[in-house]
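Just below is one structure, and these are the notes that go with it.
In this text the structure is predicted, and so the values were computed from the model without any measurement. Just so we're on the same page: letters track the sequence lines, and every chain starts at 1.
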Amino acid sequence: MTLRSGAEILIKELELLGVTHIFGYPGGAAINIFDALYDSPIELILARHEQGATHMADGYARASGKLGVVLVTSGPGALNTVTGLLTAKMDSVPLLVISGQTNSGNLGKDAFQEADVFGVTLPLVKHSRLILSVDDIAPSVRRAYQIATSLRPGPVVLDLPKDISAAKIDYVPSSLAKEDAAVAADLSPQQILACQKIASLIMASQRPLLLVGHGTMISGASPEVARLAETLQSPVTNTLLGKGGFPEQHPLSLGMLGMHGNAYANYATTRCDLILSIGSRFDDRINGCNERFCSLAKKLHIDIDPGEIGRVVQPDAAVCADAKVALREILRHVGPLPTVEWLRELREYRESHPLRCDSAYSAAGTPGVGLPVRAAQVLQSMYEAAPREAVVTTDVGQHQMWAAQFMLTKAPRTWLSSGGAGTMGFGLPAAIGVQFARPEATVIAVVGDGGFQMVQAELATAAIHRLPIKILIIDNQCLGMVRQWQELFYHNRLSSVLLEGNPDFLALGAAYGIKGFYIEQQDQMQAMLQEALAYDAGPCLIHARVISEDNVWPMIPAGRSAEDIVLSPPAVALPMPTGST
Amino acid sequence: MMTKVTGSPFLNVREQLFSLHLSVRRELGIIARVAIIFSRRGLDIASFSLEEAGQKEFSRITLRFHGNSAQLDSVCRDLVKLVDVERLTVDEWNESDISSQFDYGQRALT
Ligand SMILES: Cc1ncc(C[n+]2csc(CCOP(=O)(O)OP(=O)(O)O)c2C)c(N)n1
């Protein structure tokens, strides 16, 4: 007989599932589990805050496609993961949060560090379980893994009372059933018919547009998307999270669509006669006004989640299936489309409405000595200096949008941003997770001076593991995106957006032994960024002090459609947007 | 009459009464999972009952709410996503009669 504690069983099961890294923070209710980790090959990365640990696991999962695992204690420890759970849920990230809980006999007594973790996290999870028997641990872990990683991935919470993690039973690990971890490789006859209908509508199109979403990445469908685009000679646009699903440098790519997307990508939606969404949910960042979205187009939708089909946009044809499998079927029924005119129209529009980051601040294209820096210029220079395969993570705000616009993404899983939740503070911890998943990769965290300060304690985590992350702080001395809204829609009444009291960021980094670089003039940019990219002895901080009064263009005011796009600073005040954010 | 529904089944916006019948796994918290799908949308549940069904691992939930067809569509999309929900059928009431019944077809959409 082999007696094993619940904690040991938990860790053994995670090992069997292939887990190699856990991001976490200990405490009394989880101490049995941390003790079991002592003898395990699994590496526990100690974050400095549980929110940080959760975003790290999220970044690890997004960059690798594997499950991200978080281990925290009860009460405040578990509740600090809540923002990370929302972030993962909104962006369909496979995450497992394991929380220690007070002894099961104490539940409901307001015991020390008791919190109803199951209840608090209910709306934020794909599934969750309060484990009340040690026999239930192994099956719960296996099921959690399966649920988190299959179909449309999402977060799962396992809440484990301390007496259950301490209890011992006779346990011999059983081998893993060869489960349908992923997706059925074969389509049903119904799905095949749906794909054929999609294909026949595609073949009737002359102005097609492919819309690439995060589902493309999750499914691993990028090669099929590229084949489809090239076969049809169709232009391609992508959502914020779809960056990398199709190379943005490709001649057929129009880049990002939506509220701050390229003018020419948005223009294409007003002129296309067909739009095929591949793993995108037509959310309000790309579809501010449903009645006017792609009004001339047949709408086609591929999504693994039946709940997304017809939720926002009524499709003319749709298939609920894995994108890769569905596209392979569709590819069997399509050929080149007569798109020469359509591509010419888009090229001409693009030439007359390019994405730009020049301004009065930049003298005739040559970066001038002593001239202040615009955020977009820094990001464009970073893009030019960095390897094409570099992984970029971001916070949320103006810098995120400029990074999305100017740092084109070539490959899947190399652009990580909190899209659905818009969580400030995601960038740095996510980058830490990425570097653990991909030790060889160049990882760049583009962060706002606001967002960075929400999670700056994680500098310690990056420093002790000597992760060579390039932390690029876009310091505009304000909460830029909110300031932009106040300027444009609230008569420039700046309410609580100025970040007075910002620290000396380089001194802060130095306190953790982190190397620093400083940029405040255009002529310093190239050299500093190159030096930072070459530095790999550990993390480095690049403090880019940029002008505060910059705004992100183009912009489609919330609730409006692509026709209402504002391309450059308006001469008259804009009307109050009807959309909420 | 049982009809399989795909996509947004209802387009009118009239307020009416709906009865939802769910076959669910008897798991901890299933009532809460179902209830918060309504409360997060600001929808009031008019009546709710849960009873053991044939086999011991399943229960049947019957609930009613007043709302429009778009709200029904929205809650149904989330209800069938719950891991523990096996089946969902909807009765649409017209005055005092059931005017139609739909099987929301858990994960059976193409
Ligand atoms: C946790 C969180 N709180 C508040 C917001 C609302 N918000 C969106 S953008 C933004 C400003 C972000 O400022 P900063 O990080 O400095 O980036 P910038 O916009 O200046 O580039 C705020 C406050 C948010 N997205 N997330």
Salt bridge between A:E308 and A:R152, side-chain N to carboxylate O under 4.0 Å? yes
Check each atom of A:I147 against the heavy atoms of chain B and say whether the ones under 4.5 Å are side chain, backbone, both or neither. side chain
Segment of A:V313 engaging chain B (4.5 angstrom heavy-atom cut-off): neither
Are B:F18 and B:H66 close enough that their ring centers fall under 6.0 Å? no
Looking just at side-chain N and O atoms, do B:S59 and B:R25 make a donor-acceptor pair shorter than 3.5 Å? no
In this structure, NZ of B:K81 is separated from CD1 of B:I37 (nearest 0.5 Å) by 9.5 Å
What part of B:L28 is in contact with chain A, defined as an atom under 4.5 angstrom from a non-hydrogen atom: side chain, backbone, both or neither? both
